Amino acid sequence: MAGVFNTRVYEVVRRIPKGKVATYGQVAALAGNPRNARFVGYALHSNPEPGVIPCHRVVFRDGSLAPGFAFGGPDRQRALLEDEGVSFVPPAADRENTGSEGWLVDLQRCQWQE
DNA sequence: TTTATGACAATTA
DNA sequence: ATAATTGCCATAA
């Protein structure tokens, strides 16, 4: 099909439990390619399997998400994650948020762990 | 058909 | 310690 990696990513993202989030790097690593974090997002962009793959649970290593490419806006993603029980924390001021409302997912508590 | 770019992360200088 | 570069697969033009 459209590449093994792509299919692998979908499978991994689909495994992310509700209330948890995974970073691109983690998904890429589980997909078998720890260096392919870039294509993880591209895979979701290419064929996000609407309704099947929770793209909103995939966030940056910093805890933020893709600004402008979120299924409706970063604000929308925060609402979805909060609704699932994901904890949000204010920016560390040291780490400038990539595009969220200024709030980052608490990877310390909500990062998906296999 | 080939070339260039893309939701990032890790490594090396 | 920080900064800049590299790496990987797939898709679009």
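Basis for what follows: all heavy atoms, side chains included, without hydrogens, waters or symmetry-related copies. The shown structure was predicted, so the numbers you read here are calculated from the model rather than taken from an experiment. Proteins come first, then strands; the chains are lettered A, B, ... in the order of their sequence lines, and each starts at number 1.
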Path from Val27(A) to Tyr42(A) over hydrophobic side-chain contacts below 4.5 Å:
no
Could you summarise the pairing of DNA chain C as dot-bracket text, marking Watson-Crick and G-U pairs under 3.5 Å with ( ) or [ ] inside the strand and | across strands?
.||||||.|||||
If the P atom of dT5(C) is compared with that of dT5(B), how far apart are they to the nearest Å?
16 Å
Between Ser87(A) and Arg109(A), is any side-chain donor less than 3.5 angstrom from a side-chain acceptor?
yes
Say you pick atom P in dA13(B) and the same atom in dC8(C); how far apart are they, in whole Å?
16 Å
Checking Tyr10(A) side chain against Ala43(A) main chain: does a donor-acceptor pair fall under 3.5 Å?
yes
Mind running a 4.0 Å heavy-atom check of residues 11-24 of chain A against DNA chain B and sending the residues that fall below it, in number order?
Tyr24(A)
Quantified in whole Å, what is the P atom distance between nucleotide dT6(C) and nucleotide dA4(B)?
16 Å
Considering only heavy atoms, which members of residues 107-114 of chain A lie under 4.0 Å from some atom of DNA chain B?
none
Is Arg14(A) salt-bridged to Glu49(A), going by a charged N under 4.0 Å from an acidic O?
no
Closest non-hydrogen contact found for Asn36(A) with Ala28(A) is C-CB, 3.8 Å
Checking Asn33(A) side chain against Arg35(A) main chain: does a donor-acceptor pair fall under 3.5 Å?
no
Report yes if the side chains of Val105(A) and Phe88(A) come closer than 4.5 Å at any heavy-atom pair, otherwise no.
yes
When rounded to the nearest 0.5 angstrom, what distance separates CD in Gln26(A) from CD in Gln113(A)?
8.5 Å
Please evaluate residues Glu84(A) and Lys20(A) with respect to the criterion side chain to side chain contact (heavy atoms under 4.5 Å, CB included), reporting the C-alpha separation (whole Å), side-chain torsions for both, the decisive distance (0.1 Å), and the verdict.
CA-CA 8 Å; Glu84(A) 294 188 347; Lys20(A) 296 273 182 166; over 6 Å; no
Heavy-atom closest contact (Cys110(A) atom, Gly85(A) atom, distance):
SG-O, 4.5 Å
Can you name the closest pair of heavy atoms from Leu104(A) and Asp62(A) and give their distance?
CD1-O, 3.7 Å
Atom of Gly41(A), atom of Tyr24(A) and distance for their closest heavy-atom approach:
CA-CE2, 3.6 Å
Quick one: closest heavy-atom pair of Gln111(A) and Leu107(A), and the distance?
CB-O, 3.1 Å
Chain A reaches DNA chain B, atoms under 4.0 Å from its heavy atoms, from dG6(B) to dT11(B)
Members besides Phe69(A) in its Ile/Leu/Val/Met/Phe/Trp/Tyr cluster (side-chain heavy atoms under 4.5 Å)
none
What does the list of N/O pairs under 3.5 Å between the protein and nucleotides 6-9 of chain C look like, with a distance for each?
from   : atom 1 : to       : atom 2 : distance (Å)
dG7(C) : O6     : Arg38(A) : NH1    : 2.6
dG7(C) : N2     : Arg35(A) : O      : 3.1
dC8(C) : O4'    : Asn36(A) : OD1    : 3.1
dC8(C) : O2     : Arg35(A) : O      : 3.4
dC9(C) : O4'    : Asn36(A) : ND2    : 3.2

For Thr23(A) against Arg61(A), the heavy-atom pair lying closest together:
CG2-CA, 4.0 Å
